[in-house]
Amino acid sequence: MIRSLAKSSLNGITSIRNRILNIIDKPVVVLIYHRVTDLPNDPQLLAVSPENFSAQMRYLRDNFPVLRFEADWGRITEPSVIVTFDDGYADNFLEALPILESVGIPATFFISTDVIGSTTEFWWDELERLILGTDIRPERCRLNGNRRNMVWETGDSAQRLTFYRELHPLLRRLTSAEREAWIEQLRSWAGCDLVGRSTHRALSIAELKAGAASEWVTVGAHGVTHTRLSNLAPAEQRYEIMQSKQRLEELCEKEITVFSYPFGCRRDYDRTTLGICRDAGFRRVAANFPGQVHRWSDPLQIPRQLVRNWPLDQFREKLNGFFYV
């Protein structure tokens, strides 16, 4: 009871503080999306349906200035919104972009370059396919790694769901080489190959180039292998950041001036990461923790608000909370 009252009191103080700050300096709220498509199964809750996304974008257009992520926000006179996407799914440009263009909303797409133009899935999607697929799986799975050897019972769907939920955060903490070694063992266990589902594929090269040519699109870098940068040595971090930037500049034939940290929570990057991004000349860098942006916000740690598959009424309520709670 005491903890509940203390939390309620703290939330009230935070709300009052935010309202005062919003009077002093009008806030910018940066929204983060991942996918716009209809999926039968979405354990990471990454997809927003085209119907809901269209309604959300029309609401933004009718009620807020919608800015570009790389633009100068220093002179805004009313609360404003920015739309961003992470990862580089094909549906970003096949389903989301036509909606954005029809409504007239600019968006920034942060692209992880390793799987662009390939038939493989992002590693978290492959993990889902291998473990939660509908085909019969062995009774247990043993994964051998440099750091640990682990065994899970996998004889039924409930056990495999537990396996998936426990393994996902473990893989998030590994380097790309360590993660790939475990996923290769999973492929053997599941009897599956590298070819992914068409519903979960990344952008093709042609789609990326066509999308980048749209007047409503800004392309940003998002690392090569979508690995937690704080896991990596400085040289490995530099490769992930600079190589993704250079690859996108080659493909899009334009300078890449913005970046998004893979995963993006505060523990997912460190001072070394900030220094490399500063050296790379990025105008802004997007993180993935909640908050508003003001003139005094660190341009290398821009907070963003995650959007789920909310119908319009819920989206409106959440957006109001993003500004005032």
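Hydrogens, waters and symmetry mates are skipped; everything else that's a heavy atom, side chains included, is used.
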Legend entry - Pairs where residues 262-272 contributes a residue and the test salt bridge (Lys or Arg N to Asp or Glu O under 4.0 Å) is met, not counting sequence neighbours: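 Passing the test, one end in residues 262-272: Arg172-Asp268, Arg228-Asp268.
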What about the rings of [X] and [Y], do their centers lie closer together than 6.0 Å?
X: His168; Y: Trp123; answer: yes
X: Phe263; Y: Tyr269; answer: no
X: Phe109; Y: His222; answer: no
X: Phe323; Y: Phe64; answer: yes

Looking only at non-hydrogen atoms, find the nearest pair between [X] and [Y] and report the distance.
X: Lys245; Y: Ala280; result: CE-O, 3.6 Å
X: Pro98; Y: Phe93; result: CD-O, 3.6 Å
X: Ser297; Y: Gln292; result: OG-O, 3.9 Å
X: Ala287; Y: Tyr261; result: CA-CD1, 4.1 Å
X: Gly74; Y: Arg295; result: O-CD, 4.1 Å
X: Leu186; Y: Cys141; result: CD2-SG, 3.9 Å

Take atom [atom1] of [X] as the centre, draw a 6.0 Å sphere, and report whether it contains more than 12 heavy atoms from other residues, nucleotides or ligands.
X: Arg61; atom1: CZ; answer: yes
X: Arg247; atom1: CZ; answer: no
X: Glu78; atom1: CD; answer: yes
X: Glu51; atom1: CD; answer: no
X: Arg197; atom1: CZ; answer: yes

Could you tell me if the side chain of [Y] sits less than 4.5 Å from the side chain of [X], heavy atoms only?
X: Arg238; Y: Thr272; result: no
X: Phe69; Y: Thr257; result: no
X: Leu319; Y: Tyr59; result: yes
X: Leu39; Y: Arg35; result: yes
X: Trp216; Y: Ile105; result: no
X: Leu97; Y: Val217; result: yes
X: Gln44; Y: Asp125; result: no
X: Leu167; Y: Leu143; result: yes

Inset, instruction - Kindly confirm or rule out a cation-pi arrangement of Arg316 over Trp310, judged by NZ or CZ under 6.0 Å from the six-membered ring centre and within 45° of its axis? - result: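 Negative - Arg316 is either too far from the ring of Trp310 or too far off its axis.
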Is [X] reaching over with its side chain to a backbone N or O of [Y], donor-acceptor style, under 3.5 angstrom?
X: Gln159; Y: Gly155; value: yes
X: Arg160; Y: Thr154; value: yes
X: Arg308; Y: Leu45; value: yes
X: Thr162; Y: Ala158; value: yes
X: Trp73; Y: Ala71; value: yes
X: Asp42; Y: Ala47; value: yes
X: Asn92; Y: His34; value: yes
X: Thr225; Y: Gly223; value: no
X: Gln237; Y: Leu229; value: yes
X: Arg201; Y: Thr119; value: no

Inset, instruction - State whether Glu70 and Arg284 are salt-bridged, where the test is any N-O pair (Lys NZ or Arg NE/NH1/NH2 against Asp/Glu carboxylate O) under 4.0 Å. - result: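 No, no charged N to carboxylate O under 4.0 Å.
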Legend entry - Electrostatic pair Glu126-Arg187, nearest N-O below 4.0 angstrom: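 Looking at Glu126 and Arg187, the cut-off is met.
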Consider only side-chain heavy atoms of I, L, V, M, F, W and Y, link residues closer than 4.5 Å, and tell whether [X] and [Y] are in one cluster.
X: Phe163; Y: Leu161; answer: yes
X: Val48; Y: Leu203; answer: yes
X: Phe85; Y: Phe315; answer: yes
X: Val258; Y: Val29; answer: no
X: Val219; Y: Leu31; answer: yes

How far does [atom1] of [X] sit from [atom2] of [Y], to the nearest 0.5 angstrom?
X: Leu127; Y: Leu170; atom1: CG; atom2: CG; answer: 10.0 Å
X: Ile111; Y: Cys252; atom1: CD1; atom2: SG; answer: 7.5 Å
X: Asp193; Y: Ser188; atom1: CG; atom2: OG; answer: 11.0 Å
X: Asp86; Y: His226; atom1: CG; atom2: NE2; answer: 6.0 Å
X: Glu180; Y: Thr227; atom1: CD; atom2: OG1; answer: 10.5 Å
X: Asn144; Y: Trp182; atom1: CG; atom2: CH2; answer: 9.0 Å

Inset, instruction - Consider only side-chain N and O atoms of Gln56 and Tyr33, and report whether a donor and an acceptor are under 3.5 Å apart. - result: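 There is such a pair between these side chains.
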Inset, instruction - Give every residue pair that meets the ring-ring contact (aromatic ring centres under 6.0 Å, His included) criterion with at least one member in residues 229-252, sequence neighbours excluded. - result: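 Checked against ring-ring contact (aromatic ring centres under 6.0 Å, His included) - neighbours excluded - no pair reaches residues 229-252.
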Inset, instruction - Evaluate side-chain contact (heavy atoms from CB on, under 4.5 Å) for Asp87 paired with Trp124, printing each intermediate quantity in order. - result: CA-CA 11 Å; Asp87 300 334; Trp124 53 91; 3.5 Å; yes
Inset, instruction - Report the C-alpha distance between Glu249 and Lys254 in whole Å, list the side-chain angles of each, state the deciding distance to 0.1 Å, and finish with yes or no for side-chain contact (heavy atoms from CB on, under 4.5 Å). - result: CA-CA 5 Å; Glu249 288 177 339; Lys254 60 179 65 176; over 6 Å; no
Inset, instruction - Evaluate side-chain contact (heavy atoms from CB on, under 4.5 Å) for Leu248 paired with Leu208, printing each intermediate quantity in order. - result: CA-CA 9 Å; Leu248 290 169; Leu208 173 60; 3.9 Å; yes
Inset, instruction - Show your working on side-chain contact (heavy atoms from CB on, under 4.5 Å) between Gln314 and Lys318 and close with a plain yes or no. - result: CA-CA 6 Å; Gln314 189 175 7; Lys318 293 285 188 179; 4.0 Å; yes
